[in-house]
Every structure is written in C-alpha cells, then in structure tokens.
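Notes for the one structure printed next.
Every number for a ligand or one of its atoms is a count from 1 in the order of the listing.
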Amino acid sequence: MKIPILDLKLQYQQLKSEIDGAIALVLESTQFVLGPEVQKLEQEIANFLGVNHAIGVNSGTDALIIALRALNIGVGDEVITSPFSFYATAESISLVGAKPIFAYIEEDSFNINPESIKEKITPHTKAIMPVHLYGQPAKMAQIRDIAQEYGLKIIEDCAQAFGAIYHGDCLGCGQQCKESQRHDIEGKYVGSIGDVGAFSFYPTKNLGAYGDGGMITTNDDSIAELAKMLRVHGAKKNYHNEMLGYNSRLDSIQATILRVKLKYIRKWNQTRQDIARQYNQLLGNNDAIIVPQFSKGHVFHQYTIRVTNGRRDDLKEYLANKGIGSMIYYPIPQDQLPVYENQYTPHPLTTQLASEVLSLPIYPELPREDIETVADAIIQWTKEING
Ligand SMILES: *Cc1c(COP(=O)(O)O)cnc(C)c1O
C-alpha cells in the first residue's frame with residue numbers, strides 16, 4: 001500500500017534515540033517484570049488521568065477480565081455492553097463466567113445507546129460495560145445516571161480511547177441547570193468516570209507499546225488492591241496465594257517505552273483530531289458516504305465513515321487498487337459471532353452499521369498530502385458511481 005491505514009515506523013524513527021536509550025537502561029537493570037519502571041508509569045498515568053490508582057497488566061483483555069473479577073462479577077451475573085466492539089469486550093465477560101447482554105448502538109456515534117441499556121436490566125444485572133469506540137467517549141452522564149438508579153457498576157472499555165475526554169451535552173449552563181449533578185464528570189478523561197477503566201497498549205492503539213500491555217484505573221482502594229492481587233496469582237505477599245488469579249504483569253521494557261510515549265500523547269491525539277477535521281471538510285456528506293461525528297473529546301483512534309447503499313466493499317476495493325489502505329472495524333457484531341450463536345436476536349441498526357463502516361488511514365505522522373489523496377480518491381469514486 002502506498003498509503004497504509006497505519007504506519008508505526010514513522011513514529012519510531014522520530015523517537016528512536018529516546019526509546020532505544022530507555023530500553024537499554026531496562027536491559028542493564030535486569031528488572032524485566034513489574035518493578036520501578038512499571039511503578040513510575042502507573043503513577044504517571046494515574047496523574048495524567050486524574051485517578052487514584054493505575055495498575056499495569058498484560059493486555060487490555062486482561063484489564064477487562066481483572067476489572068470484572070475485582071468487582072466480584074462472575075457466574076449468574078449479567079453485564080450490559082455494546083454489541084459493536086472488538087470481541088475482547090464480550091469475551092472478557094464470558095470468561096469470568098458472567099453473561100454479556102447486548103444493548104443497541106447509536107447511529108451517530110456507534111456507541112452504546114443509554115436508552116437501550118435500561119431495557120436490558122434484569123435482577124441479574126451487575127454492571128454496564130460501555131466501550132469508547134474509535135476513541136469517542138460514550139454517553140457517560142446518562143450511563144452513570146442509570147447505574148446509580150439501578151445500583152450497577154460501570155467498567156469502561158477504554159482500549160481505543162487513551163486521552164479521550166468526556167463532554168456532556170449541557171455546556172455553559174447556569175447553576176440552576178437540572179443536569180448540574182452531571183457536571184462533575186464534564187471534561188474528565190475516560191477511565192476516570194466509571195468504577196473501573198480498562199486500557200490496552202497494543203501497538204496499534206493511540207498509546208501503543210512494542211508488545212502487549214494494559215492498565216486498570218480506579219479511584220477505589222479496595223478494587224485497586226484486588227486488581228493488584230489478581231495480576232500476580234491472587235497473592236498480596238509472594239507464595240501466600242489467597243484466590244485464583246492470573247499471571248498478568250506488565251513488563252518493564254513496555255513500561256519504559258510507554259513512559260516515553262506518554263509525554264507526546266496529548267499532542268498526538270490533537271493531531272488525530274486535526275486530521276479528522278480535515279477529512280470531514282474535504283469529504284463532507286453526500287448520498288454515498290456519511291462522515292463521522294466530530295466531538296470535542298474524541299481522540300480518533302479510528303476515522304470511520306459509513307458507506308451507504310451496500311457499496312462499502314466496492315469503495316474498499318477501489319481504494320486498495322489505488323494503493324490506499326482501509327479496514328472494517330467490525331464486520332460482525334459481537335452477538336453474531338459463533339460463540340454466541342443463536343443466543344441473541346440481531347439488532348437491525350447494529351447489523352446495518354457493521355455493513356457500512358470503513359476506517360481510513362489515520363495516525364499522527366500521516367503526511368498531510370496523503371489526507372488529500374485519500375479524500376480525492378473517495379470523491380472521485382463517488383462521482384464515478386453517480387456518473
Ligand atoms: C484492543 C481492544 C481490546 C483488547 O486489548 P488487547 O490489549 O488487545 O487485549 C479490548 N477492547 C477494545 C474495544 C479494543 O479495541
């Protein structure tokens with residue numbers, strides 16, 4: 001591909017001396033698992049996000065699993081989540097023995113629809129797991145209202161949204177605003193709003209390591225303590241194992257790489273927003289495509305358009321022939337995957353959106369002329385199919 005959907009080499013080239021130097025120090029320290037580099041990263045990320053605790057684990061998937069376990073969710077429990085996500089979201093719920101319950105998504109944001117959460121609540125419901133898909137915060141104020149009303153926990157799947165900021169739809173109003181109780185989450189980072197946040201440092205994420213990695217965030221001391229035990233075989237003290245846990249420790253080489261990258265993440269996320277704004281301006285909506293909603297705290301892990309009239313795969317192929325990469329996240333909603341076969345009734349809007357989404361190249365180092373090339377190709381395609 002002349003313009004791949006993602007190119008990690010450019011960023012490494014920019015940071016090579018800093019990253020190589022940091023890795024060399026870890027190699028010399030021979031402290032490879034957890035240890036001081038992981039502790040420093042945990043502290044820095046807790047400070048960055050404004051949470052009391054950040055706990056480094058082996059992957060985003062493990063962060064979700066350990067978050068659920070730390071909230072005591074297991075057999076007989078139900079967790080309401082979005083059907084439109086990477087499979088790790090529902091898989092984590094099933095792996096702890098609980099049942100994922102799939103709500104609906106919203107057409108404009110692809111995120112979970114708060115109204116549909118309410119419809120899915122039963123006496124077995126223990127938690128809601130919203131996903132900040134593509135880097136856009138879910139409707140956390142509404143979700144938190146529902147959680148409070150029904151006594152549910154919130155686990156935020158922040159895998160695609162490091163640095164994303166929640167903004168409600170009630171900005172700049174007076175003190176008498178009936179939504180004023182929601183204002184305490186206005187402007188907060190995702191992962192600091194629910195009971196627990198789960199992040200992934202998979203290399204392609206906005207804050208990506210050079211291997212697997214993840215993090216759990218929480219303000220709750222007892223959840224943090226449990227999560228720390230669960231990542232090391234359920235032990236507070238070596239060889240005094242108290243419960244079934246995991247081997248899910250973040251390694252120090254990944255932590256030191258992430259510490260270098262954390263210094264740039266605000267700038268990178270800003271650049272992703274600039275790129276998305278530029279795409280939106282160049283493309284605009286027409287009868288063949290719908291550009292994504294632009295919201296203030298969105299960190300555009302993916303820039304995802306909708307291609308209408310069943311033409312998505314045509315456009316993907318057209319772009320590929322011009323050397324432009326694109327991806328479908330996700331072709332099959334989670335509830336329609338084989339694991340859940342015949343257990344759920346597909347929701348028409350979710351099925352439709354899964355057949356329309358197409359993610360275009362976006363990453364902070366994406367050359368400016370490439371944005372124009374991609375947009376020009378799509379506009380050209382639109383003219384050809386209409387012509
Ligand atoms: C990447 C991702 C995960 C899993 O993270 P890993 O680090 O790959 O285990 C979970 N949820 C979502 C939405 C993701 O995009």
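- Ligand 1 places these atoms under 4.0 Å from at least one heavy atom of Gly60: 5 (O), 6 (P), 7 (O), 9 (O).
- At a threshold of 4.0 Å, the pair Lys322-Asp376 does not count as salt-bridged, since none of the basic side-chain nitrogens sits closer than that to a carboxylate oxygen.
- If you check each of Ala209, Ala161, Ala159 against atom 3 (C) of ligand 1, the one with the closest non-hydrogen atom is Ala159.
- Taking 4.0 Å as the cut-off between side-chain N and carboxylate O, Lys228 and Glu225 do not count as a salt-bridged pair.
- At a 4.0 Å heavy-atom cut-off, ligand 1 touches Ser59 through backbone and side chain alike.
- Within the listing of ligand 1, atoms 4 (C), 10 (C) sit less than 4.0 angstrom from a heavy atom of Ala88.
- Nearest protein heavy-atom contact of atom 15 (O) of ligand 1 is Lys205 NZ, 2.6 Å.
- If you run salt bridge (Lys or Arg N to Asp or Glu O under 4.0 Å) between Glu42 and each of Arg249, Arg259, Arg231, only Arg231 comes through.
- Both the backbone and the side chain of Thr61 come within 4.0 Å of ligand 1, counting heavy atoms alone.
- Residue Asp62 has no nitrogen or oxygen atom sitting less than 3.5 Å from a nitrogen or oxygen atom of ligand 1, judged on distance alone.
- Looking at Ser85 next to ligand 1, no N or O pair under 3.5 Å apart turns up.
- Aromatic pair Phe294/Phe300: centroids less than 6.0 angstrom apart.
- The contact set between ligand 1 and Thr89, taken as ligand atoms under 4.0 Å from a residue heavy atom, comprises 11 (N).
- Between Arg277 and Asp274 a salt bridge is recorded (basic side-chain N to carboxylate O distance below 4.0 Å).
- Comment: Glu78 does not engage Lys120 in a salt bridge, judged by the lack of any side-chain N to carboxylate O separation of less than 4.0 angstrom.
- Of the polar atoms of Tyr202, none of the N or O atoms is found under 3.5 Å from an N or O of ligand 1, judged by distance alone.
- The shortest contact between atom 11 (N) of ligand 1 and any protein heavy atom is with Asp157 OD2, 2.8 Å.
- No N or O atom of Leu64 sits closer than 3.5 Å to an N or O atom of ligand 1.
- In this pair, Tyr340 and Tyr87 present their aromatic rings perpendicular. The plane angle is above 60°, beyond the 30 to 60° band.
- The distance between the ring centers of Phe162 and Phe48 falls below 6.0 angstrom.
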